[in-house]
Amino acid sequence: MSARMADLTRVPLVPRKRGAMRDAGFNGSTPYVAADTGIDTLSGFLPSNRAPDAEILPGRDRITARARDLGRNNGWAAGAISKEVDGVIGANFRPLLKPDWRALGLDPEWAQEFKEQAEARWRLHADDPRRYCDTTRAQTMPQLFGSAYRTYILEGEAIALVNWRRLRPFKTTLRLVDPDLLGNPHDAADEERRRGGVEITRDGVAAAYHFRQGHRDSAWPNVAEAMSWKRIAREGLNGRPQVIHFYDKLRDGQTRGVSRLAPIVERLRMEDHYSRVELQAAVINAILAAFIKSPMGPEMMDEMFGDGGDAKAFLEYQGERAAFYNGRGGVKLGGARVQTLYPNDEIGMVSTARPAAQFADFEAAVLRHIASGLGISYEQLASDWSKTNYSSARAAMIEIWRGWTARRVAFAQGFCQLYFMAWLEEQVLDGHIELPRGAPDFHTFWPAYARAKWIGPGKGFVDPVKEAQAAAMRVALGLSTLEEEAAELTGTDYAENMEQIGREITAMPDGMLHPAQESFAKLLGPAPAAPNPSPED
């Protein structure tokens, strides 16, 4: 009997999940918390490990479509994309040629002459207002680079064809290609050696690309072109680039790029919807500021429209009210109009509780998350500098500029430099740019001849005086060069600047000094005063 009573009074044991001990503060079932599937916060978080293309390719089209829609219709996304394109590429993205004369076994005097000649020819090609550099003759070369970079942000990759048009002043031309046109022939499923329209060798090299000849969702019928493909090899004879395909390769085995907006698409969409609802609420409150309340309550309505009720009295009543309000302009007191009301009517006011008081703070928090995902600062994204001082603005600029510089170098080397190499090959083989007698073979030392640093817009200034003084100090200490400072701060070529300054000095009247003729000491400011000697000294 005592055992039975003990069973009846025993507290039942509640089964606990495997990770409950860790939830309670004790050791869990796995050494790493990130691998414990029993924790409440991680129990439903079970992503799978897939091959890179198995993760990207199935959903890539939908991600791209959503990113494009945000780029068209979301102000924050459109502004962020434009700011990055302007900061990385700018209006005059161009190469600063630096042939590796040591690797070529030539002298620096030749390198300087080669640089000046090649850059002059490039300007003729890239900045021609007739736009012969573009196969479609729609953009100049800096504009083509800007469009390609914008596509890279939105769709995760930039694709172009290096064409040959023998009747143009410069036969080498660039044709940007919509990434939608790159795909497997006849929309076939991906295979081991052909994925996303890219042919891959045994070593994982992209050897050729398959391009659809027309978009499948055009506004006009083009079934024949939309269902035909053309195979183009990555490189032609002597390694000349034919297809340029730039994207961020995040994992080994990745074939196509994914939009850089992918991690923040959901946040952008939710923020856009939330701000739209708040704006609609504000508009409604502004329009419906007041209304007139009728004295007719539920009892009177039941009396008129209930069993045996006659609606004629109600209609007559409403007619009299309408005639009253239409025929009276109110009473004017000192120029202000006071509306008189029909007997027993009252004025009602709409409550203006929205937009929510915390809307600005909430939106700022969401925009900080979005800005972090885009690699820019909140102040840049929101154009809100009200709470920023010099130190924080300078720190933000340094961090952002580091990321933009890395992207500029990657894009220049992976996209722009390939086209520049193809263009330079034409100039050398056609004799427009001559190599010295006994120079190494051009194709063998192609990268050494075409070695260049690409210059975009400068970093700009938060405090021009302080930053100019800091640049002068770096040069004076040997930490930088005038060429580097000119390219970084203002996006200009130091050699071109000096040529122009030389012409300006020559044009100066006698007895007048050009500002560049002043010494660094004056730019750096007065030297600190020596301390007064103490009595002991």
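Just the heavy atoms: all of them, side chains too, but no hydrogens, waters or symmetry mates, feed the values below. FYI, the numbering just counts along the sequence from 1.
Ring pair His245/Tyr247 is tilted by interplanar angle, where 30° to 60° counts as tilted. Classification of the Phe420-Trp122 ring pair by plane angle, with boundaries at 30° and 60°, yields perpendicular. Between His125 and Tyr419, the ring planes lie parallel to each other; the angle is under 30°, not in the 30° to 60° tilted range.
Residues Tyr449 and Pro440 meet the side-chain proximity criterion, which asks for heavy atoms closer than 4.5 Å. Residues Phe211 and Leu161 have side chains in contact (heavy-atom distance under 4.5 Å, counting atoms from C-beta outward). By the 4.5 Å heavy-atom criterion applied to side chains, Leu182 and Ile159 are counted as neighbours. Side-chain contact between Pro52 and Leu57 is absent, with no heavy-atom pair separated by less than 4.5 Å. Using a 4.5 Å cut-off on side-chain heavy atoms (C-beta onward), Tyr152 and Glu157 make no contact. In this structure the side chain of Trp110 reaches within 4.5 angstrom of the side chain of Pro99, judged on heavy atoms. Looking at Arg408 and Phe93, their side chains come closer than 4.5 Å, going by heavy atoms from C-beta outward. Inter-residue side-chain proximity for Tyr149 and Arg407 is flagged as met; some heavy-atom pair is nearer than 4.5 Å.
Under 4.0 Å is where a charged nitrogen must lie from a carboxylate oxygen, and between Asp134 and Arg137 no such pair does. Taking 4.0 Å as the cut-off between side-chain N and carboxylate O, Arg234 and Glu199 do not count as a salt-bridged pair. Salt bridge status for Glu119 with Arg94: absent, with no side-chain N to carboxylate O gap under 4.0 Å. Of the charged side-chain nitrogens involved, none lies within less than 4.0 Å of a carboxylate oxygen, so that Arg269 and Glu266 do not count as a salt-bridged pair. Using a cutoff of 4.0 Å between basic side-chain nitrogens and carboxylate oxygens, Arg102 and Asp100 are not scored as salt-bridged. In this structure, Arg212 pairs ionically with Asp187, as a charged nitrogen and a carboxylate oxygen lie closer than 4.0 Å. Using a 4.0 Å cut-off between charged nitrogen and carboxylate oxygen, Arg260 and Asp248 do not count as a salt-bridge pair. Salt bridge Arg216/Asp61: present, at least one basic N to carboxylate O contact under 4.0 Å. Between Glu155 and Arg150 there is no salt bridge, since no side-chain N of the basic residue sits under 4.0 Å from a carboxylate O of the acidic one. Residues Glu483 and Lys98 are paired through a salt bridge, judged by an N-O separation under 4.0 Å between the basic side chain and the carboxylate.
Checked against a 6.0 Å centroid threshold, the rings of Phe415 and Phe411 count as neighbours.
By the neighbour-count criterion of 12 heavy atoms within 6.0 Å, atom CG of Asp441 is densely surrounded, having more than that number from other residues, nucleotides or ligands. Summarising the local packing, CZ of Arg62 is surrounded by 12 or fewer heavy atoms from other residues, nucleotides or ligands at distances under 6.0 Å. The number of heavy-atom neighbours closer than 6.0 Å to CE of Met270, taken from other residues, nucleotides and ligands shown, is 12 or below. Within 6.0 Å of the CD atom in Glu113, the count of heavy atoms belonging to other residues, nucleotides or ligands does not exceed 12. Around atom CG of Leu479, more than 12 heavy atoms belonging to other residues, nucleotides or ligands sit under 6.0 Å away. The neighbour count for Glu434 CD, taken as heavy atoms of other residues, nucleotides or ligands under 6.0 Å away, does not exceed 12.
Under 3.5 Å, the side chains of Trp76 and Glu271 contain a donor-acceptor pair of N or O atoms. Gln139 and Ser147 form a side-chain donor-acceptor contact under 3.5 Å, judged by distance and modelled atom types alone. No hydrogens or angles considered: a donor-acceptor pair under 3.5 Å links the side chains of Gln417 and Trp454.
Tested against Gln427 for a side chain to side chain donor-acceptor pair (under 3.5 Å), the candidates Gln117, Arg121, His432, Lys171 yield a single pass: Arg121.
Pairs engaging residues 172-185 under the side chain to side chain donor-acceptor pair (under 3.5 Å) rule: Arg68-Asp178, Arg68-Asp180, Thr135-Thr173, Thr172-Arg240, Thr172-Glu426, Asp180-His215, Asn184-Asp190 [sequence neighbours left out].
A pairwise comparison of heavy atoms in Pro58 and Asp53 identifies CD-O, 3.4 Å as the closest pair. When all heavy atoms of Pro142 and Ala126 are compared, the pair lying nearest together is CD-O, 3.8 Å.
The closest donor-acceptor contact from the side chain of Ser372 to the backbone of Arg368 lies at 3.5 Å or more, if one exists at all.
Cation-pi geometry between Arg168 and Tyr132 is not met at under 6.0 angstrom from the ring centre and within 45 degrees of the axis.
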